[in-house]
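Notes follow the structure.
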Amino acid sequence: MQDYLKGLNEKQKEAVEHLDGPLMIVAGAGSGKTKVLTTRIAHLMQHGVDAFNILALTFTNKAAAEMKERIEKILGNSEARNLYIGTFHSVFARILRAEANKLGYPNNFTIYDSDDAKSVVKSIVSDMNLDDKHYKPAYVYNRISAAKNGLIDPRAYKQDTFIQQEDARSNRPLLGDIYEAYAMRCFRNGAMDFDDLLFKMYELLVRFPEVLAKYQHRFHYILIDEYQDTNVAQYQIIKMLGAVHENICVVGDDAQSIYSFRGATVQNILQFEEDYDDVKVVKLEQNYRSTQSILNVANEVIANNKNQIKKELWTDNTAGEKITLVRTQTDNDEGRFVADAITEMKLRNHYANKDFVILYRTNAQSRSFEESLRRMNIPYRLLGGVSFYQRKEIKDFLAYLRVIVNPQDEENLKRIINYPARGIGKTSIERVIIAANTHNTTFWEMLHQPAATGLKGAAASAIEEFVTRMKSFQVMLEKQNAYDVAFAVGKHTGLVQELYNDKSVEGLARYENVQELLNSIKEFTETPDEEGELREKTLGSYLQQITLLTDADNNKDENSDVVKLMTIHAAKGLEFPCVFSVGLEENLFPSAMSLYDRSDLEEERRLFYVAITRAKERLWVTYANSRYRFGNLVQNEPSRFIDEIPEKYLDRTFTGINSRGAQGSVGGFGKSLNQSFDKVPSLKKLADKLQQAPPAEHKPTSDFKADDPMAMEVGMEVEHLKFGFGKITSVEGGANNRIATVQFQGGHGQKKIMLNYAKIRIVK
DNA sequence: TGATGCTAACTTTTT
DNA sequence: GTTAGCATCA
């Protein structure tokens, strides 16, 4: 166990063995950064530092989990469990959860993801009678987010002349008011958005010196991963937390700073040396990941940036293959090329699917690759895009759980109050809102006194029933675990039944997704407690945790043999034997948004640098002459970044159509891709067509005559004018609104029929 | 109230 | 090319 230092080079050892005082590690791509960080933590623990006194912050859950695992391996015991390792957001959420009352929040505060946040913005914009075409929720939210990341509260926002000028110039002078209303609404709902987890953490430490002191004395050693991606809020928090012991170790690479759009500032790295006396700086410049060729290209490209810390990455690795530059006619051809190349490489060089990654600038580019991979029967997995937790059925289910835990949360309450439909319509909800405003109370409180809202009859009793139901779940919360509560919710709200009844392909998938969610809750409740006093197995802690989970964190099939597709941003920190960096076109990469500003353009270049340095053995850079964007074909020039790669490192054997040497091949590819590919309809459409084909048109029997809705009962065989014959599986609703669920024959599946409108005849 | 069909907006990147 | 959100219809 003592030999954990053996595998390190001199520089790495220097960083690991530095015990006390501020330390900055400038770690080039592939220079063993994680190894140094984890070994250093293990080393600290070997020298008597208690795991409970070490805090390590990362940007992704995945990075945190990996660090923990590696430390455990080095130490060979379970002490690593006591380490405080997590993402900024999750660690701060945990601390805020413990201290929430000081800030006037419930301990079980809800965390809003960006979709939740945008819908709050939207409802505020409409409350203020503003046009949401002009005050677009996404724009407004970004603006608020940027303010929070810069630690600017609503008051400061309104007083800042520069910001006010900006808003005046964009003709959105009321942004400050929206921000203020948004903050108030979130507070009233007992909810924090992602940025609040930083912003409120900062507020907590500033306003409550005793809280600050507590955590300052708890965390003797603080380590920060990906320091180049920290923003002002994170910077200030770290500075405060570390002020007593000054044992702060930051690891970063200015060349890989790719999150300035989210408020990150490289300035934090450059500033570090000035913030503390006697900062030890260690540069890790030996790359263990990539071949010479790949590294040369990376160095050449990044050299075009003016703003950077001087360093030269080098490697002992072999020269390797040249970088393959590929030009295709269209985006579909690009997809086809990559799938072909993967097939070829697997055959020739015995690579496995999981050795490949396709990296693109925007999520929207995934389509053509998915299609071609499917056509070639290559299994793949897409990271990013719509995450599991953003799906409607999951959000609906989670909305229930959130409201049970935190009934103040009006947004989620409104989402579920009439789903599944229980007769609490728009007008009833409106009346409750108005009554809540006049009585100066919350929506939830108002629901307890239907009389005061002026609602009576069916609406009032429906509300009463809903409230009773929700309260019974809240009671369960005290005695039963998260899974039992969730299961009861699924059962008693009709949520699961609703999905179960839908027998379409999508319906089945939705049903399975909900089962999957229940499984994950079960897993959560059954996994034994790990670290720290702040972690519990309640539904509340489950909800906070999953909101901070990303698609990329779902590493269940981490080792499954599939090709991965993701954005370059999502690939940061990962490595693959074979990398396809695709879509190298002007306006796409670099993005059109970045062309007018030197620093934006340099960030795009760093992004390309990140893409290149993911590759261990082989790298392809591809671009298409034309591609579909917004539904129409656009022509793009090759990316300027391609011109920055010296010719001597490039293999242009395949240069596509209408070009010199057009008939060449890639790494011995026999097939020329010049020929136009046979047009195959997209698989999704094909699948849809197959799905939809069977439902044959029904010709009603000659004596067709609709029967009285009230005569319909479960079990009856009926004939529908259009859908033909079927059997009634359930009937609901009163005289004016009677609905029958009918299982039809002939591919029509199950349908809900409004008996007042539809023509239905009883067969027997 | 739910299904359907049309339009408009959408594309940076993420915790 | 895709999808969310709406207006319309039954």
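On a predicted model such as this, the values are computed, not experimentally measured, just so you know.
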Show each protein N/O and nucleotides 10-14 of chain B N/O combination with a separation under 3.5 Å, one pair to a line.
| residue | atom | partner | partner atom | Å |
| --- | --- | --- | --- | --- |
| B:dC10 | OP1 | A:Lys136 | NZ | 3.4 |
| B:dT12 | O2 | A:Arg361 | NH1 | 2.6 |
| B:dT12 | O2 | A:Arg361 | NH2 | 2.3 |
| B:dT13 | OP1 | A:Asn363 | N | 2.9 |
| B:dT13 | OP1 | A:Asn363 | ND2 | 3.4 |
| B:dT13 | O4' | A:Arg361 | NH2 | 3.4 |
| B:dT13 | O2 | A:Arg361 | NH2 | 2.6 |
| B:dT14 | OP1 | A:Thr567 | OG1 | 2.8 |
| B:dT14 | O4' | A:Arg262 | NH1 | 3.1 |
| B:dT14 | O2 | A:Arg262 | NE | 3.4 |
| B:dT14 | O2 | A:Arg262 | NH1 | 2.9 |

Calculate the interatomic distance between [X] atom [atom1] and [N] atom [atom2]; express it in whole Å.
X	N	atom1	atom2	answer
A:Arg391	C:dT3	CZ	P	13 Å
A:Lys133	B:dA8	NZ	P	9 Å
A:Leu96	B:dT15	CG	P	19 Å
A:Leu57	B:dT15	CG	C1'	13 Å
A:Arg367	C:dT3	CZ	P	11 Å
A:Lys392	C:dT3	NZ	P	16 Å
A:Asn632	B:dA8	CG	P	15 Å

(request) Specify the residues of residues 109-120 of chain A, ordered by number, for which at least one heavy atom lies under 4.0 angstrom from an atom of DNA chain B. (result)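 Going residue by residue through residues 109-120 of chain A, the ones with a heavy atom under 4.0 Å of DNA chain B turn out to be A:Ser114.
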
(request) Name the residue closer to the 5' end of DNA chain B, choosing between A:Ala421 and A:Ser90 according to the nucleotide with the nearest heavy atom. (result)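 The residue mapped nearer the 5' terminus is A:Ala421.
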
For [X], check ring-ring contact (aromatic ring centres under 6.0 Å, His included) against everything at least two apart and list the hits.
X	answer
A:Phe589	A:Phe608, A:Phe641
A:Tyr389	none
A:Tyr380	none

Pick out the pairs of N or O atoms, protein on one side and nucleotides 5-9 of chain C on the other, that lie under 3.5 Å.
none

(message) Please report the distance separating the P of C:dA4 from the corresponding atom of B:dT13, rounded so that it comes out in whole Å.
(response)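 Between the two P atoms, the distance is 15 Å.
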
Just jot down the side-chain hydrogen bond (donor to acceptor under 3.5 Å, both in side chains) partners of [X], sequence neighbours excluded, or say none.
X	value
A:Thr87	A:Ser90
A:Tyr141	none
A:Lys395	A:Asp113, A:Asp116
A:Glu226	A:Lys33, A:Gln228

(request) Mind checking the CG-CZ spacing from A:Asn332 to A:Phe369? Nearest 0.5 Å is all I need. (result)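 Here the rounded value is 9.5 Å.
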
(request) Select base, sugar-phosphate, or nothing to describe what A:Phe59 touches, counting heavy atoms under 4.0 Å on all strands. (result)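 Counting heavy atoms under 4.0 Å across all strands, the contact made by A:Phe59 is with sugar-phosphate only.
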
(message) Could you work out, with salt bridge (Lys or Arg N to Asp or Glu O under 4.0 Å) as the rule, every residue matching A:Glu637, not counting sequence neighbours?
(response)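 A:Glu637 satisfies salt bridge (Lys or Arg N to Asp or Glu O under 4.0 Å) with no residue once adjacent residues are dropped.
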
(message) Could you check whether any side-chain heavy atom of A:Val634 comes within less than 4.5 Å of a side-chain heavy atom of A:Glu585, counting everything from C-beta outward?
(response)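 No, every pair of side-chain atoms sits at 4.5 Å or beyond.
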
Please report, to 0.1 Å, the donor-acceptor pairs under 3.5 Å made by any side chain of residues 566-574 of chain A, with sequence neighbours excluded.
| residue | atom | partner | partner atom | Å |
| --- | --- | --- | --- | --- |
| A:Thr567 | OG1 | A:Ala570 | N | 3.1 |
| A:His569 | NE2 | A:Ile258 | O | 3.0 |
| A:Lys572 | NZ | A:Asp229 | OD2 | 2.3 |

